[in-house]
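Remarks on the structure that follows.
We're numbering straight along the sequence, starting at 1. All ligand and atom numbering here is 1-based and tracks the order in the structure.
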Amino acid sequence: MKIVVLDGHTLNPGDLSWRELENLGEVIVYDRTTFDRSGINLILERAKDAEVIFTNKTPLSREVLDLLPRLKYIGVLATGYNVVDIEAAKEKGIVVTNIPAYGTDSVGQMTIALLLELCNHVGAHSESVKQGEWTNNVDWCYWMHPMIELSGKTMGIIGYGRIGQATGRIAQAFGMKVIAYNRHPHKELENETMKYVDLDTLFSDSEIISLHCPLFDDTKGMINKKTIAQMKDGVLIINTSRGPLVVEEDLAEALNRGKVAGAALDVVSTEPIKADNPLLTAKNCLITPHIAWAPVETRQRLMDFAIDNLEKFLAGISVNVVTQ
Ligand SMILES: NC(=O)c1ccc[n+]([C@@H]2O[C@H](COP(=O)([O-])OP(=O)(O)OC[C@H]3O[C@@H](n4cnc5c(N)ncnc54)[C@H](O)[C@@H]3O)[C@@H](O)[C@H]2O)c1
């Protein structure tokens, strides 16, 4: 059986192992060039005769699937599977699987890391010390950039699913009160320091707002001029979910006039970020390159789940199948 990994590079740039995948067949692993070029001819040349394909970002359109008659299984190396034409795969009897949850704790951890950086400025203070300043650097002294104590603060979490809850658990351990908005509240999760509220209350009562809901038509642009006006002065905003949840011009404007005291974003509307994105020059805005999911353990887990999914498929067991 020929198994082709079209673009495993993002998960495994070379530091990890595909473990027992080679026990399942002849394995060919390509790097990111299949995705970077994504020409149909290149995909077909690389996937020729494959019965199994793994893809992370390389698109598998109807046109491509039409030309791969031996293909039986596509393992998407991600949660979202819009890279595959699912209807075309269904018609051809090709089974497609995804990986629903692999980095819940990692993204929760990154959310808190971003929050701590906004509150304690560890990186900037360390840099200042290395440049010969102890506490006299006017740019990075603790009275010009006050540190913020989190204990006792209220964190509003929008989208209280897997990652929202993981973040909420850490926040409560830090002594914060959590208020959450979820489309369908699970009241059994409430306790003394975690309560569901409506969205207006979340906006008006939170000192920190963290976004963890998916990007849908009704969540796109939910952080905008109007909702920012509802928030407390000096609110902190964190987004590790999806960039388009935020109207970036409105957030940049609110940061520059101090209404929002700080923002930390692992995701932006267009990735990689465009040079004219107003958040690049906005005051007190941290931006990381969509890496919340990328700790070593998380990437290895993702690869292991991908292999598990294939093993189950070969054993006739349907797990994480999105073509049913
Ligand atoms: N930065 C990263 O590396 C990274 C990695 C993984 C996931 N993510 C993002 O994190 C998001 C959350 O992932 P998850 O695993 O927690 O998903 P999840 O499905 O477990 O949780 C999402 C929650 O949002 C709720 N929701 C849906 N629509 C809503 C709405 N309109 N308003 C409020 N809540 C709504 C759902 O009911 C659900 O409880 C994903 O959508 C993804 O965009 C980012």
Side-chain angles (χ1 to χ4, degrees), residues 10-13 56-57 76-83 98-115 117 155-171 178-190 194-203 205-206 209-224 226-227 230 237-248 263-273 279 286-303 305-306 320 322:
T10 326
L11 283 62
N12 181 14
N56 177 232
K57 293 194 171 115
V76 180
L77 300 167
T79 307
Y81 43 87
N82 52 316
V83 290
N98 75 334
I99 299 164
Y102 58 92
T104 300
D105 289 332
S106 306
V107 183
Q109 178 182 323
M110 182 67 167
T111 304
I112 298 297
L114 290 168
L115 174 59
E117 188 58 36
M155 183 172 196
I157 297 185
I158 304 179
Y160 212 61
R162 285 180 287 247
I163 296 172
Q165 288 170 40
T167 303
R169 281 193 294 274
I170 312 177
V178 170
I179 54 177
Y181 171 73
N182 202 65
R183 190 188 267 164
H184 308 291
H186 296 281
K187 287 283 182 187
E188 70 278 7
L189 295 175
E190 287 192 330
M194 185 275 156
K195 296 274 179 263
Y196 284 105
V197 294
D198 60 41
L199 201 49
D200 286 337
T201 307
L202 186 142
F203 284 140
D205 289 8
S206 301
I209 293 178
S210 193
L211 306 180
H212 299 286
C213 59
L215 177 63
F216 292 140
D217 285 346
D218 66 329
T219 56
K220 190 172 179 194
M222 73 188 315
I223 302 299
N224 57 45
K226 193 167 153 249
T227 54
Q230 289 177 257
I237 297 179
I238 300 166
N239 186 9
T240 57
S241 189
R242 284 293 178 264
L245 296 174
V246 174
V247 178
E248 293 176 333
L265 315 163
D266 188 46
V267 287
V268 289
S269 59
T270 304
E271 296 173 6
I273 195 164
L279 292 167
L286 303 170
I287 305 172
T288 49
H290 200 148
I291 47 161
W293 65 281
V296 174
E297 297 85 349
T298 316
R299 290 184 287 118
Q300 184 69 61
R301 188 178 308 119
L302 204 162
M303 291 161 63
F305 281 158
N320 298 329
V322 295

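For ligand 1, the 4.0 Å heavy-atom shell contains residues V107, G159, Y160, G161, R162, I163, Y181, N182, R183, H212, C213, P214, F216, D218, T219, T240, S241, R242, D266, H290, A292, W293.
Judged by distance alone, the side chain of E190 and the main-chain N or O of Y196 form a donor-acceptor pair under 3.5 Å. Under the 3.5 Å distance criterion, the side-chain polar atoms of Y181 are left unmatched by any main-chain donor or acceptor of I157.
Partners of R299 according to the side-chain hydrogen bond (donor to acceptor under 3.5 Å, both in side chains) rule, which considers only residues two or more places apart in sequence or in another chain, are D15. Taking the side-chain hydrogen bond (donor to acceptor under 3.5 Å, both in side chains) definition, one finds that E297 meets it with nothing, sequence neighbours left out.
Inspection of the D266 and T288 side chains reveals an N or O donor paired with an N or O acceptor under 3.5 Å.
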Per-pair distances, 0.1 Å, donor-acceptor, side chain in residues 102-114, under 3.5 Å, sequence neighbours excluded:
residue: S106; atom: OG; partner: T298; partner atom: OG1; Å: 2.5
residue: T111; atom: OG1; partner: V107; partner atom: O; Å: 2.7
residue: T111; atom: OG1; partner: T240; partner atom: OG1; Å: 3.1

